[in-house]
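Quick caveat, the model's predicted, so the values are computed rather than measured.
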Amino acid sequence: MLHAGPEKAPLADLADVLGRVGEEGGMTAGVAKLLFEKREDIERVFAEHDAMIASTLRDETELGDIMPIGDAR
């Protein structure tokens with residue numbers, strides 16, 4: 001599909017990924033535009049989340065054979 005400008009293609013892709021949002025689906029384009037405009041902040045939030053998960057997994061790996069008391073039988 002051809003788009004009128006370079007911003008239109010990712011907006012259309014985001015709208016497609018989101019699917020139908022709202023009663024008539026009219027919110028989808030607005031939500032896609034908002035996601036595109038807030039991309040930097042959204043990517044930062046996901047990066048912070050990924051770092052937190054990686055840190056948690058690293059901490060669990062460092063425990064080795066130590067079993068937390070709640071899991072003891």
Do [X] and [Y] sit in the same hydrophobic cluster, where Ile, Leu, Val, Met, Phe, Trp and Tyr count as joined when their side-chain heavy atoms come under 4.5 Å apart?
X	Y	value
M52	F46	no
V45	I53	no
F36	V31	yes

### Task
Only counting residues at least two apart or in another chain, list the ones meeting side-chain hydrogen bond (donor to acceptor under 3.5 Å, both in side chains) with K38.
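Partners of K38 by the side-chain hydrogen bond (donor to acceptor under 3.5 Å, both in side chains) criterion come out as none, since no residue qualifies.
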
### Task
Could you tell me which residues satisfy salt bridge (charged side-chain N to carboxylate O under 4.0 Å, His left out) with E48, sequence neighbours excluded, listed by chain and number?
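Listed in chain order: R44.
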
### Message
If I take atom CD1 from residue I42 and atom CG from residue L34, how far apart are they, to the nearest 0.5 angstrom?
### Response
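It is 6.5 Å, given to the nearest 0.5 Å.
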
#### Entry: Reported CG-to-CZ distance for the pair L14 and R39, which is rounded to 0.5 angstrom
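Atom-to-atom, L14:CG and R39:CZ are 9.0 Å apart.
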
### Donor-acceptor contact present, side-chain T28 to main-chain A15, <3.5 Å
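Absent.
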
### Over 12 non-hydrogen atoms of neighbours within 6.0 angstrom of CD in E43
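Check passes, neighbour count above 12.
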
